[in-house]
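The structure under discussion appears below in the form of structure tokens.
Side chains included, hydrogens not; waters and symmetry mates left out as well; all remaining heavy atoms used.
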Amino acid sequence: MTLDPGSAAIIQLAWARHLGLDDGAFAAALISGERVVRADDAAKTVEFVRLFGSSALVGPQWVIDAAAGIPDDEMAQHVTLLTLTRSHGGHGLGAAALFFADDLPLRQPSEELTVSHGNPEAIELEGLCPPDDVNEVGLSDLENRYTIVHEVDGRRVPVACGAYAEWEGLLAHLGVLVDPEWRRRGLGSLAASIAAHEALAAGLTVQWRAEVSNTGAVALARKLGLAAGGIQTSVHLG
């Protein structure tokens with residue numbers, strides 16, 4: 001699905017605030033054609049974000065200076081930030097595609113489901129999943145959780161959770177976690193759809209962040225109907 005032009009402006013506003021920039025920074029960058037930068041010599045993370053044709057770089061002054069002549073397409077590649085920051089211990093975090101939605105088609109389950117809003121079910125689900133998946137999704141940071149529960153041998157078992165955290169009062173940052181034994185049954189997309197529609201009903205624009213190498217997460221975003229809007233590349237320092 002396509003985004004309303006006003007939604008793109010809201011997304012850029014939320015990211016500008018998230019990055020500590022002026023509210024109109026991305027809009028001004030689109031007009032000037034220049035990258036927005038914010039120097040923070042105490043920063044432990046370097047972030048490059050490109051949204052709807054505008055870009056921003058936040059980090060110490062030395063990395064902003066080093067990146068001055070590098071095109072945005074190269075800056076969006078994780079290897080570029082790693083190279084620029086290697087002498088300062090640059091490592092982690094990778095590059096992620098950013099997807100958004102201000103409206104989504106309603107997905108109907110093929111059977112009646114029980115959805116829990118409680119924390120215990122989400123915590124139990126994390127215990128059933130690989131640590132790497134748990135860390136990437138970060139359910140503990142997503143305060144609005146919708147966990148699909150199935151009854152197995154008379155016991156209620158959490159099988160998938162869609163959740164979101166509110167960003168700057170404007171965006172709903174979405175995450176999904178599915179028990180490995182219940183994957184490839186459409187539960188991930190269903191849980192994501194439930195959380196996304198709850199966020200839309202709350203007046204928020206949905207945001208999905210997918211590591212570019214995570215083909216499953218990228219495919220899920222497209223299956224849900226989210227629109228590609230940009231990329232975020234980050235590294236830790238020291």
Side-chain angles (χ1 to χ4, degrees), residues 1 3-4 6-19 47 49 51-52 93-94 96-109 113-126 128-129 132-149 158-179 182-183 186-211 214 216-232 234:
M1 299 182 70
L3 284 168
D4 183 274
S7 296
I10 289 171
I11 293 163
Q12 289 181 322
L13 171 60
W15 270 93
R17 292 177 176 176
H18 177 70
L19 295 171
E47 285 196 81
V49 177
L51 287 171
F52 307 109
L93 294 165
L98 301 173
F99 296 87
F100 304 95
D102 52 17
D103 188 22
L104 287 173
L106 186 63
R107 298 178 62 86
Q108 297 290 350
L113 294 175
T114 299
V115 178
S116 168
H117 297 187
N119 292 333
E121 293 83 0
I123 293 170
E124 182 181 351
L125 177 63
E126 286 187 313
L128 300 172
C129 297
D132 285 350
D133 291 354
V134 172
N135 292 333
E136 181 175 348
V137 175
L139 282 184
S140 59
D141 296 325
L142 307 176
E143 62 269 18
N144 302 283
R145 302 167 192 157
Y146 307 89
T147 306
I148 298 174
V149 179
V159 295
C161 181
Y164 73 86
E166 192 171 310
W167 268 35
E168 306 296 339
L170 299 168
L171 303 184
H173 186 65
L174 196 65
V176 178
L177 189 64
V178 183
D179 181 343
W182 289 83
R183 293 177 185 176
L187 290 170
S189 57
L190 185 57
S193 179
I194 292 169
H197 278 280
E198 291 287 345
L200 291 170
L204 302 171
T205 299
V206 173
Q207 171 177 278
W208 176 269
R209 183 182 183 279
E211 295 294 329
N214 188 337
V218 172
L220 179 55
R222 291 173 175 156
K223 183 177 181 180
L224 289 171
L226 279 72
I231 193 164
Q232 175 193 19
S234 311

Considering all heavy atoms, the nearest [X]-[Y] contact:
{"X": "Ala165", "Y": "Asp141", "result": "CB-O, 3.4 Å"}
{"X": "Arg183", "Y": "Cys129", "result": "NH2-SG, 4.5 Å"}
{"X": "His197", "Y": "Leu104", "result": "CE1-O, 3.1 Å"}
{"X": "Ala195", "Y": "Leu174", "result": "CB-CD1, 3.5 Å"}
{"X": "Ala122", "Y": "Arg145", "result": "CB-CD, 3.8 Å"}
{"X": "Val178", "Y": "Leu125", "result": "C-CD1, 4.5 Å"}

Practice item. Check the surroundings of atom CZ in Arg222: do more than 12 heavy atoms from other residues, nucleotides or ligands lie under 6.0 Å from it? Key: no
What distance separates [X] [atom1] from [Y] [atom2], expressed to the nearest 0.5 Å?
{"X": "Glu143", "Y": "Asn119", "atom1": "CD", "atom2": "CG", "answer": "10.5 Å"}
{"X": "Arg209", "Y": "Glu136", "atom1": "CZ", "atom2": "CD", "answer": "8.0 Å"}
{"X": "Glu166", "Y": "Leu204", "atom1": "CD", "atom2": "CG", "answer": "5.0 Å"}
{"X": "Asp179", "Y": "Ile148", "atom1": "CG", "atom2": "CD1", "answer": "12.0 Å"}
{"X": "Leu98", "Y": "Ile231", "atom1": "CG", "atom2": "CD1", "answer": "7.5 Å"}
{"X": "Ile194", "Y": "Thr147", "atom1": "CD1", "atom2": "OG1", "answer": "9.5 Å"}

Exercise for review: Could you give me the CA-CA distance, side-chain angles and deciding distance for Val149 and Glu121, then say whether side chain to side chain contact (heavy atoms under 4.5 Å, CB included) is met?
Suggested key: CA-CA 8 Å; Val149 179; Glu121 293 83 0; 4.2 Å; yes
Check your understanding: Under 3.5 Å, is there a donor-acceptor pair between the side chain of Trp208 and the main chain of Ala217?
Key -> yes
Check your understanding: Given Phe100 and Leu51, is the side chain to side chain contact (heavy atoms under 4.5 Å, CB included) satisfied, shown in steps?
Key -> CA-CA 11 Å; Phe100 304 95; Leu51 287 171; 3.9 Å; yes
Practice item. May I ask you to decide if the ring planes of His117 and Tyr146 are parallel, tilted or perpendicular, using 30° and 60° as cut-offs? Key: perpendicular
Point to revise | Intermediate values then yes/no, side chain to side chain contact (heavy atoms under 4.5 Å, CB included), Asp102 and Ile10 | key: CA-CA 10 Å; Asp102 52 17; Ile10 289 171; over 6 Å; no
Evaluate the side-chain proximity of [Y] to [X]: yes if any heavy-atom separation is below 4.5 Å, no if none is.
{"X": "Phe99", "Y": "Val218", "answer": "yes"}
{"X": "Phe52", "Y": "Leu3", "answer": "yes"}
{"X": "His18", "Y": "Leu171", "answer": "no"}
{"X": "Ser193", "Y": "Leu224", "answer": "yes"}

Revision key, fill the gap. Only one of Glu47, Gln207, Gln232 passes side chain to side chain donor-acceptor pair (under 3.5 Å) with Trp15, and that residue is Gln207
